Amino acid sequence: MSKVLVVAPHPDDETLGCGGTLLRHVAEGDSVHWLIATAMRTDAGYAVTDVARRDDEISAVADAYRFATVHQFGYATATLDQVPKLEFIEKVSGVLKAVKPDHVYLPFPGDAHSDHRATFEATAVCTKAFRYPFVHQVWAYETLSETDQAVNPTLVEFRAQQFVEIADYLDGKINIMNLYASEVGPFPFPRSEHSIRALAAWRGAQAGYTAAEAFMLIRARQ
C-alpha cells in the first residue's frame with residue numbers, strides 16, 4: 001500500500017488536477033491524504049453563508065474520495081505569496097512528516113494563479129531526499145483554468161511526462177467536481193464537464209488510453 005498526499009492551493013484543484021488518479025489510488029488500496037492551503041474567510045470578504053457552503057463542500061468531497069486525513073491551513077485565498085515563506089514551509093513540512101507519503105501531487109509552478117506558484121515552492125522544498133527520505137515520487141498536475149492560462153513567457157510550459165489511465169474513474173471525477181457547485185459552469189467555461197472530458201481524451205490519446213491525466217515529473221527515486 002502506498003501513502004499519497006495531494007496538495008491543493010484551493011479546494012477543487014485536487015479534483016481538476018488529479019481527481020481520477022486519486023480515485024484510482026483509493027480503489028487500489030492506497031492511503032490518500034489531502035492538504036488544502038487556503039480557505040474562504042469572512043475577513044477576506046466572503047459571506048458567512050459562502051464559508052459554510054464551502055465547508056460543506058469540503059466535507060462532501062473528502063467523503064467521496066475517502067481521504068484518510070484532511071489538513072487545512074486556512075490562509076486567505078490569493079494571499080499565499082504574502083505568507084512568510086518559512087512559516088508556509090514549516091506548515092507543509094509538518095504535514096509531510098505526519099503523513100510520510102511516498103507519492104506527492106502538487107500544482108504546476110507555472111500556473112496563472114500566484115497561490116499555485118507559492119504552494120509548489122513550499123511543497124517542493126519539503127521533498128528533498130536527504131530530509132524527507134520517505135518521498136519517492138513528486139508529480140505536478142495541470143489545473144484547468146490555471147495551467148492553460150499561464151501568461152509568463154519566461155517559464156517552462158507544462159510538459160506531460162507521466163500519464164495515468166482514468167477511464168474507469170472519469171465519471172467519478174466529474175461527479176466530485178460537481179460538488180463544488182459554484183466552481184463549475186457551462187462550456188466554454190474551463191471548469192465544465194465538457195472541458196474535463198476533452199482534456200482527459202486528449203491526454204489519453206497521447207498515451208494510448210481512452211482517458212488519462214497527465215503530470216510533470218518533479219522528483220523520482222526508487
Side-chain angles (χ1 to χ4, degrees), residues 6-24 34 36-40 44-47 49-51 53-54 56-58 60-61 64-65 77-81 105-120 139-216:
V6 58
V7 182
H10 319 99
D12 81 356
D13 291 326
E14 79 296 326
T15 299
L16 289 168
C18 51
T21 300
L22 298 177
L23 289 169
R24 179 167 177 164
W34 188 18
I36 311 168
T38 65
M40 285 186 174
Y46 289 99
T49 53
D50 291 335
V51 173
R53 185 186 68 247
R54 179 50 52 88
D56 289 343
E57 290 172 350
I58 290 171
V61 168
Y65 279 115
T77 302
T79 67
L80 292 182
D81 59 343
Y105 295 96
L106 71 173
F108 177 61
D111 286 355
H113 203 304
S114 60
D115 283 349
H116 288 226
R117 298 192 294 272
T119 300
F120 174 90
W139 294 5
Y141 54 78
E142 58 182 336
T143 309
L144 280 167
S145 78
E146 298 297 348
T147 309
D148 53 306
Q149 296 296 318
V151 293
N152 188 339
T154 66
L155 288 174
V156 175
E157 292 184 353
F158 182 89
R159 297 193 304 272
Q161 298 163 321
Q162 306 287 328
F163 297 87
V164 177
E165 196 275 327
I166 62 161
D168 292 341
Y169 307 100
L170 182 56
D171 287 344
K173 169 177 177 168
I174 290 169
N175 289 340
I176 292 174
M177 189 62 207
N178 284 331
L179 294 174
Y180 295 110
S182 63
E183 301 296 336
V184 297
F187 185 77
F189 188 65
R191 295 192 298 275
S192 64
E193 177 175 346
H194 183 91
S195 297
I196 293 170
R197 290 190 183 278
L199 180 59
W202 179 45
R203 293 309 192 187
Q206 289 179 302
Y209 300 133
T210 302
E213 288 172 336
F215 302 89
M216 190 166 175

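Since we're looking at a predicted model, the values are computed, not measured. Values reported hereafter were calculated over all heavy atoms of this structure, with side chains retained and with hydrogens, waters and symmetry mates removed.
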Checklist entry - Side chains of Tyr65 and Thr15: do they bring a donor and an acceptor to under 3.5 Å? => result yes
Next on the checklist: Applying side-chain hydrogen bond (donor to acceptor under 3.5 Å, both in side chains), can you list everything that pairs with Asn178, at least two apart in sequence or on another chain?
Outcome noted: none
Item to check | Non-hydrogen atoms of Pro190 and Ser195 that approach each other most closely | outcome: O-CB, 3.0 Å
Checklist entry - Which is it for Asp50 and Arg53 under the salt bridge (charged side-chain N to carboxylate O under 4.0 Å, His left out) test, yes or no, and what are the steps along the way? => result CA-CA 5 Å; Asp50 291 335; Arg53 185 186 68 247; 2.9 Å; yes
Checklist entry - To the nearest 0.5 Å, what is the distance between OG1 (Thr143) and CG (Asp13)? => result 5.0 Å
Next on the checklist: Test of understanding: with salt bridge (Lys or Arg N to Asp or Glu O under 4.0 Å), list the residues that count as partners of Glu193, not counting sequence neighbours.
Outcome noted: Arg197
Next on the checklist: Going by side-chain hydrogen bond (donor to acceptor under 3.5 Å, both in side chains), name the residues that satisfy it together with Arg191, two or more places apart in sequence or in a different chain.
Outcome noted: Ser145, Glu183
Next on the checklist: Tell me if a side-chain donor or acceptor on Asp115 pairs with a main-chain N or O of Ala78 at a distance below 3.5 Å.
Outcome noted: yes
Checklist entry - Can you tell me how far the OG1 atom of Thr49 sits from the CE atom of Met40, to the nearest 0.5 Å? => result 9.5 Å
Checklist entry - Which value, rounded to the nearest 0.5 Å, describes the distance between Thr79 atom OG1 and Asp81 atom CG? => result 7.5 Å
Checklist entry - Would you say Arg117's side chain and Ala112's backbone share a donor-acceptor pair under 3.5 angstrom? => result yes
Checklist entry - Is there a side-chain contact between Gln149 and His113, using heavy atoms and a 4.5 Å cut-off? => result no
Next on the checklist: Restricting to non-hydrogen atoms, name the atom on Leu23 and the atom on Gly172 that form the minimum distance, rounded to 0.1 Å.
Outcome noted: CD1-C, 3.6 Å
Item to check | Summary of ring pair (Phe, Tyr, Trp, His ring centres under 6.0 Å) pairs that have at least one residue in residues 158-179, sequence neighbours excluded | outcome: Phe108-Phe158
Checklist entry - Partners of Arg159 by side-chain hydrogen bond (donor to acceptor under 3.5 Å, both in side chains), sequence neighbours excluded? => result none
Next on the checklist: Arg24 vs Val164, test: side-chain contact (heavy atoms from CB on, under 4.5 Å). Steps then yes/no.
Outcome noted: CA-CA 9 Å; Arg24 179 167 177 164; Val164 177; 4.1 Å; yes
Checklist entry - How many angstroms lie between atom CH2 of Trp139 and atom CD of Gln161, to the nearest 0.5 angstrom? => result 10.5 Å
Next on the checklist: Donor-acceptor pair, distance only, cut-off 3.5 Å: does the side chain of Glu213 make one with the backbone of Thr21?
Outcome noted: yes
Checklist entry - Does a side-chain heavy-atom distance below 4.5 Å link His10 with Ile36? => result no
Item to check | side-chain contact (heavy atoms from CB on, under 4.5 Å) between Ser182 and Arg54, worked out | outcome: CA-CA 9 Å; Ser182 63; Arg54 179 50 52 88; 3.6 Å; yes
Next on the checklist: Keeping Tyr46 on the side-chain end and Val51 on the backbone end, is there a donor-acceptor pair under 3.5 Å?
Outcome noted: no
Checklist entry - Between Glu146 (side chain) and Asp148 (backbone), is there a donor-acceptor pair under 3.5 Å? => result no
Checklist entry - At what distance, to the nearest 0.5 angstrom, does CG of Leu199 lie from CG of Leu170? => result 10.0 Å
Checklist entry - How far apart are the closest heavy atoms of Pro11 and Thr38, and which atoms are they? => result CD-O, 4.2 Å
Checklist entry - Which atom names give the shortest non-hydrogen contact between Pro9 and Pro107, and what distance separates them? => result CG-CG, 3.7 Å
Checklist entry - Does a side-chain heavy-atom distance below 4.5 Å link Val6 with Tyr141? => result yes
Checklist entry - Do Thr147 and Asp111 have side-chain atoms, one donor and one acceptor, less than 3.5 Å apart? => result yes
Next on the checklist: Nearest 0.5 angstrom please: Glu142 CD to Phe215 CZ, how far?
Outcome noted: 8.5 Å
Item to check | Student check: side-chain heavy atoms of Val61 and Glu14 closer than 4.5 Å | outcome: yes
Checklist entry - With sequence neighbours left out, what residues match Thr119 under side-chain hydrogen bond (donor to acceptor under 3.5 Å, both in side chains)? => result none
